[in-house]
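See below for the structure under consideration.
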Number of protein chains: 2
Amino acid sequence: MIFLYHKIAMEKYSRQRELIYHSLETRKDHPTAEELYLDLKEKMPEIGIATVYRNLSDLCQKGKIIKIKSKYGPDRFDGNLMPHIHFQCEQCNNIVDIELKSEEKEKIDNDLLAVLNKTDAILTTSEILLIGICKQCQNHGMN
Amino acid sequence: MIFLYHKIAMEKYSRQRELIYHSLETRKDHPTAEELYLDLKEKMPEIGIATVYRNLSDLCQKGKIIKIKSKYGPDRFDGNLMPHIHFQCEQCNNIVDIELKSEEKEKIDNDLLAVLNKTDAILTTSEILLIGICKQCQNHGMN
DNA sequence: ATTATAATGATAATCATTATCATTTAAGGA
DNA sequence: TCCTTAAATGATAATGATTATCATTATAAT
């Protein structure tokens with residue numbers, strides 16, 4: 001006899017997802033999927049790159065991490081959910097967080113909301129990317 | 001007798017580049033390379049998609065147009081060089097310009113500069129993308 | 001222990017973009 | 001006008017990043 005029944009789709013634990021998430025939570029940089037994959041392979045040699053992409057994508061959809069569309073090169077991932085903006089160096093392509101004090105964040109949000117109010121859109125989120133030349137690249141010149 | 005001499009690399013006119021640039025200058029939306037290609041093919045059936053990508057890339061480097069890294073889907077291109085920010089609808093993926101009055105732009109720039117001054121970076125440019133739900137999608141619900 | 005199914009890893013497939021290269025075209029003399 | 005030169009083109013191969021497929025494994029509940 002066969003019983004057919006529904007089961008609600010539920011997340012099932014996996015060591016891989018745990019590792020991916022924990023790594024992004026603790027790293028301070030913003031690795032690409034491949035950079036993260038190569039790093040995690042050291043701790044877990046059997047991990048596959050598809051698993052990394054799959055979980056990064058899932059974690060983004062659940063809002064647990066953020067995908068950054070890099071101005072140059074492939075997408076990067078960020079486990080920092082605190083209000084912040086990004087700075088990308090146009091020479092070394094590195095992206096660093098710029099943390100915002102709550103008063104700074106409010107000021108910027110207010111400016112942006114004032115601008116958006118002219119339209120009839122609902123604001124979900126905003127992304128600010130500053131682009132320029134970082135300290136190191138100013139000193140070393142072009143590599 | 002053969003004379004060898006240098007010639008400064010100089011831009012040579014092409015009907016294709018003219019068409020691509022003029023189209024982006026006048027369009028108010030932000031097409032992807034492929035969308036633009038399909039549109040231009042109607043006026044110039046012999047145009048190739050490589051030519052579109054090539055010229056979009058060149059025009060970007062010369063600062064005559066802007067490449068927008070879309071939150072969803074492939075890159076988009078923008079011929080509007082006036083100070084403005086973008087709004088992308090997370091349901092229909094459309095991107096629209098939000099023009100800034102010079103006082104609004106100044107306010108935002110000042111906020112961002114204040115934040116950046118904590119670092120030692122030089123600011124070249126900034127990109128602001130607002131994400132949310134546009135008027136149409138609020139009315140029609142999810143398609 | 002059994003069962004159901006979510007998740008994985010290998011890899012094929014896809015999508016967007018860039019590189020290659022033979023041919024065409026624009027521009028500037030002869 | 002006719003040459004010459006090199007930039008630009010268009011077709012298409014190649015690449016890079018990401019997603020889909022699918023047989024197998026691992027988790028969690030009974």
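Proteins come first, then strands; the chains are lettered A, B, ... in the order of their sequence lines, and each starts at number 1.
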Taking side chain to side chain donor-acceptor pair (under 3.5 Å) as the test, write out the residues that go with [X], two or more places apart.
| X | value |
| --- | --- |
| A:T32 | none |
| A:E90 | B:T124 |
| A:Q61 | none |
| B:K101 | none |

Without placing hydrogens or testing angles, list every side-chain donor-acceptor pair under 3.5 Å for residues 105-115 of chain A, not counting sequence neighbours.
| from | atom 1 | to | atom 2 | distance (Å) |
| --- | --- | --- | --- | --- |
| A:K105 | NZ | A:D109 | OD2 | 2.7 |
| A:N110 | ND2 | A:E106 | O | 3.4 |

Separation of [X] atom [atom1] from [N] atom [atom2], in whole Å?
| X | N | atom1 | atom2 | answer |
| --- | --- | --- | --- | --- |
| A:E11 | C:dT5 | CD | C1' | 14 Å |
| B:L59 | C:dT17 | CG | C1' | 16 Å |
| A:Y13 | D:dA29 | OH | P | 15 Å |

Aromatic rings B:H30 and B:H86: how do their planes relate, parallel, tilted or perpendicular, breaks at 30° and 60°? perpendicular

Which of residues 21-32 of chain B sit near DNA chain D, with a heavy atom under 4.0 Å from it? none

Return the residues of residues 63-76 of chain A meeting this criterion: a heavy atom under 4.0 Å from some atom of DNA chain D. Order them by number, or give none. A:P74, A:D75

Using only atom types and a distance under 3.5 Å, with no angle test, would you say the side chain of [X] pairs donor to acceptor with the backbone of [Y]?
| X | Y | value |
| --- | --- | --- |
| A:Q88 | A:I131 | no |
| B:Q91 | B:C134 | no |
| B:D29 | B:P31 | no |

Scan nucleotides 9-15 of chain D nucleotide by nucleotide, 5' to 3', and note B when protein non-hydrogen atoms come under 4.0 Å of the base, S if they reach only the sugar-phosphate, - if neither. BBBB---

Would you state whether a donor and an acceptor, one from the side chain of A:K12 and one from the base of D:dA26, lie under 3.5 Å apart? no

What bend angle does the helix from C:dA1-D:dT30 to C:dA30-D:dT1 show across its length, from five-pair end axes and to the nearest 10 degrees? 30°

Compare side-chain N and O positions of A:Y53 against OP1 and OP2 of D:dT18 and report whether any pair is under 4.0 Å apart. yes

Nearest-0.5 Å distance that lies between atom CG in A:L130 and atom CD1 in A:I98: 5.0 Å

Which residue pairs pass the salt bridge (Lys or Arg N to Asp or Glu O under 4.0 Å) test when at least one of the two sits in residues 30-45 of chain B, sequence neighbours left out? B:R27-B:D39

What pairs meet the salt bridge (Lys or Arg N to Asp or Glu O under 4.0 Å) rule with one or both residues in residues 71-82 of chain B, with sequence neighbours excluded? A:E127-B:K71, B:K67-B:D75, B:K69-B:D75

Pair up each side-chain donor or acceptor in residues 13-22 of chain B with any protein partner under 3.5 Å, not counting sequence neighbours, and list the distances.
| from | atom 1 | to | atom 2 | distance (Å) |
| --- | --- | --- | --- | --- |
| B:S14 | OG | B:R17 | N | 3.0 |
| B:R15 | NH2 | B:E46 | OE2 | 2.9 |
| B:R17 | NE | B:N55 | OD1 | 3.1 |
| B:R17 | NH1 | B:K12 | O | 2.8 |

